[in-house]
Amino acid sequence: MGEFFASLFTIAFVAQTLRITVPYALAALGGVMSERSGVINIALEGILLTGAFTGAVAAYESNQYTLVGYEPNPIAAAVIAGALGGVLIAALYGLVVITFKADQIVAGVAINLLAAGLTRYLLKLLYDSASNSPEIPGFETGIFSNPVFWLVVLLAIAAYVLVWRTRWGLRLRAVGDHPEAAHTLGITVNAVRWQGVLASGALAGVGGAWLALSVRGFVENMSAGRGYIALAAVIMGSWRPQWACAACLLFGLAEAVQIKLQTYSIGVPNELTQMFPYILTMITLAGFIGRSRPPQALGQPYDSD
Amino acid sequence: MITRSVVRREAITIGIALAVSVVAGSLLIVLTGKSPTEVFSLLISGTWGNAYGFGQVLFRATPIILTGLAVALAFKVGLFNIGAEGQMIVGSFATALCGTSLPDGTPAVIAIPLCIAVGMVGGGLLGSIPGLLRAYYGAHEVINTIMLNFIAAALVLWLGNEFFFARATTRTEPIIEGARLSNFDMFPGSNANTSIVLAILLAVAVHLFLTRTRRGYEWRAVGHNPRAAENGGVNVRATIIGAMTASGALAGAVGANFVLGYKHYFENDMGTGVGFMGIAVALLGRNHPAGIIAAALLFGTLSAGGLTLAVSVGVPKDFISVLQAVIILAVAAAAATMYLRQHKKGDQAGDPQKGKPGQQNQPGKGDNADG
């Protein structure tokens, strides 16, 4: 027991917490981008999973070949491919909910089912395995000397500045709150919403690549509800990038503690400690929901004519 | 109110969605280097082409009718139950526990209804949690039902490992003889069992409840416009909790098929995916019981045929889950587009619903909850 508590006050534990927080934070930032524009993004879960898959495939394949005497960096390849994969699946989501104006929750859930099925399908076709990809190169260094981590920090700051301190951010928030008013001012509502949704795809896609790089491979359903938890963090953070990230840190901390609980096995069965992040999400959601105000037009498709 | 134009609109919606799905499915098959026509004809001959295959279709369709009803009932009340997966697991586990703990000689007339009822109570209890959270805290049921899917799976695994699973397995002891449902002789070798009768009866019951009872009318009123219903004297909170509980109970009845009619024990990971298929079936069936049964037969065909395909031509069986997701996307997109078109035309006719594109069946509207 004492050993367990002592282990919580170490640099290793801080690093562990941050490592777990990264995919949550990226997905949550994506959620802010999309939801601020008025598009609910339940699809974050599927975007994470797709990013993890494309990231893992890129890392594996780029490690196999030499391109005209140049050896591609598998980690960079994974990050870029993760973002691209995320953008692709987010584009499908945007097509269905922005262009065809389908119900955003129904379509979001369908995107998640699609990502789960499609990644398993392609896994089987590419690597003849039903559950995981071959081992890929992963992060070699600790988190503080990992350039991808600092890239993520940079992305988080950029997202904050973009949403709160730029004209683009003002437009993004305007189409999420008062699409008709924004339209009157000459803003093309659905174009801005497309940008929000695609940005969320890129961010959450990188989050997925991080997941795959952390465990050196793709495992089926490896997003394990993180997209939904990130969405809860967006709500807790009142749809503000900085507070959403703070909420993610809380979830990261909870998960890191859970892992420690398993390592030190202090009498709580593993099956029960695994429930911890999910229960925490439900409790915080119930506690925060009345106090945070969603964008006013969230979930309502906009028809310009 | 069902008018001819609504029926026509729904028919076109389903037609478009199915066409899109066949195209998407063909593309997936081409990826594997097989011929789509060959695979699709194999899919049909392997299922509807012989008695065994058709029995398997019925067997696969049964649980999806139940989860489809669960999702549709919640839909009708403006709620989105994505927790059918977890409710189905808890219900099946509860059904199995009831079936194993009854004394050996219990007659079937008592054992079978009791086991099913216990399963429905289990599923209903799990469903009531997001209902309560929605009614009292405004927390969106979508995130909570998904969280409960994870929690239910972990909880059942823990309870099983700790107390109920047979040594060194992840399954319970077999249920007593009296609790077992019989198979159909006309589909030799298949797992089709009498639980499909239960599923159809429940479909009829849900339909009658919604269309013929006062309570059902109130529930639908909440689904259309919670504020108006509240002003009309409907207890919206009680309706939300009641609907989520009833929805969970329907999903909880799945154990009748898998536990009482097939394996005769509960096994971890039993029936995985059935809860999610319910969403596709409810949407494709346009939330109507007859539509749900038809859509469940389609999905039953796909999942029964999917296994055959995986074995015989090497198309991964996940083909089916991709197709299911494509169908949901296509139905959702086609429904919104068709609805919008009709109501734009309806503008001149003074349609009261004008300017509300795709708002039909949009759960999560109304009070302060949002995802």
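Chain letters run A, B, ... following the sequence lines, proteins first, then strands; residues in each count from 1.
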Heavy-atom distance under 4.5 Å to chain A: side chain of [X], backbone, both or neither?
| X | value |
| --- | --- |
| B:Ile151 | both |
| B:Leu28 | both |
| B:Asn161 | side chain |
| B:Ile129 | side chain |
| B:Val315 | side chain |
| B:Ile146 | side chain |

Item to check | Option in A:Ile279, A:Leu272, A:Thr281 with maximal non-hydrogen atom pairs under 4.5 Å from chain B | outcome: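 Option with the greatest count: A:Leu272.
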Checklist entry - Any idea which of A:Pro277, A:Ala224, A:Ala116 has the most non-hydrogen atom pairs under 4.5 angstrom with chain B? => result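 It is A:Ala224.
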Is any side-chain heavy atom of [X] closer than 4.5 Å to a side-chain heavy atom of [Y]?
| X | Y | value |
| --- | --- | --- |
| B:Pro316 | A:Arg120 | no |
| B:Ile143 | A:Met282 | no |
| B:Thr337 | A:Lys101 | no |
| A:Leu122 | B:Leu31 | yes |
| A:Ile229 | B:Met147 | yes |
| B:Asn144 | A:Tyr228 | no |

Checklist entry - Among all residues two or more places apart in sequence or in another chain, which pass the ring pair (Phe, Tyr, Trp, His ring centres under 6.0 Å) test with B:Phe266? => result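 For B:Phe266 the ring pair (Phe, Tyr, Trp, His ring centres under 6.0 Å) partners, ignoring immediate neighbours, are B:Phe93.
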Next on the checklist: Please evaluate residues A:Glu271 and B:Leu155 with respect to the criterion side chain to side chain contact (heavy atoms under 4.5 Å, CB included), reporting the C-alpha separation (whole Å), side-chain torsions for both, the decisive distance (0.1 Å), and the verdict.
Outcome noted: CA-CA 7 Å; A:Glu271 296 97 333; B:Leu155 190 67; over 6 Å; no
Item to check | Qualifying residue, where the test is side-chain contact (heavy atoms from CB on, under 4.5 Å) with B:Leu329 and the options are A:Val96, A:Val106, A:Val109 | outcome: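 So, applying the side-chain contact (heavy atoms from CB on, under 4.5 Å) to B:Leu329 and each of A:Val96, A:Val106, A:Val109, only A:Val96 qualifies.
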If you look at every heavy atom in [X] and [Y], which pair is closest and at what distance?
| X | Y | result |
| --- | --- | --- |
| B:Ala139 | A:Ala286 | CB-CA, 4.3 Å |
| B:Ala325 | A:Ala110 | CB-O, 3.5 Å |
| A:Ala102 | B:Ala336 | CA-CB, 3.7 Å |
| B:Trp158 | A:Pro269 | NE1-CG, 3.0 Å |

Checklist entry - What is the ring orientation for A:Tyr278 with B:Phe150, classed by angle as parallel under 30°, tilted 30 to 60°, or perpendicular over 60°? => result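 It falls in the parallel class, under 30°.
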Checklist entry - Run the side chain to side chain contact (heavy atoms under 4.5 Å, CB included) check on A:Ile105 and B:His140 step by step: do they pass? => result CA-CA 11 Å; A:Ile105 292 176; B:His140 204 296; 3.5 Å; yes
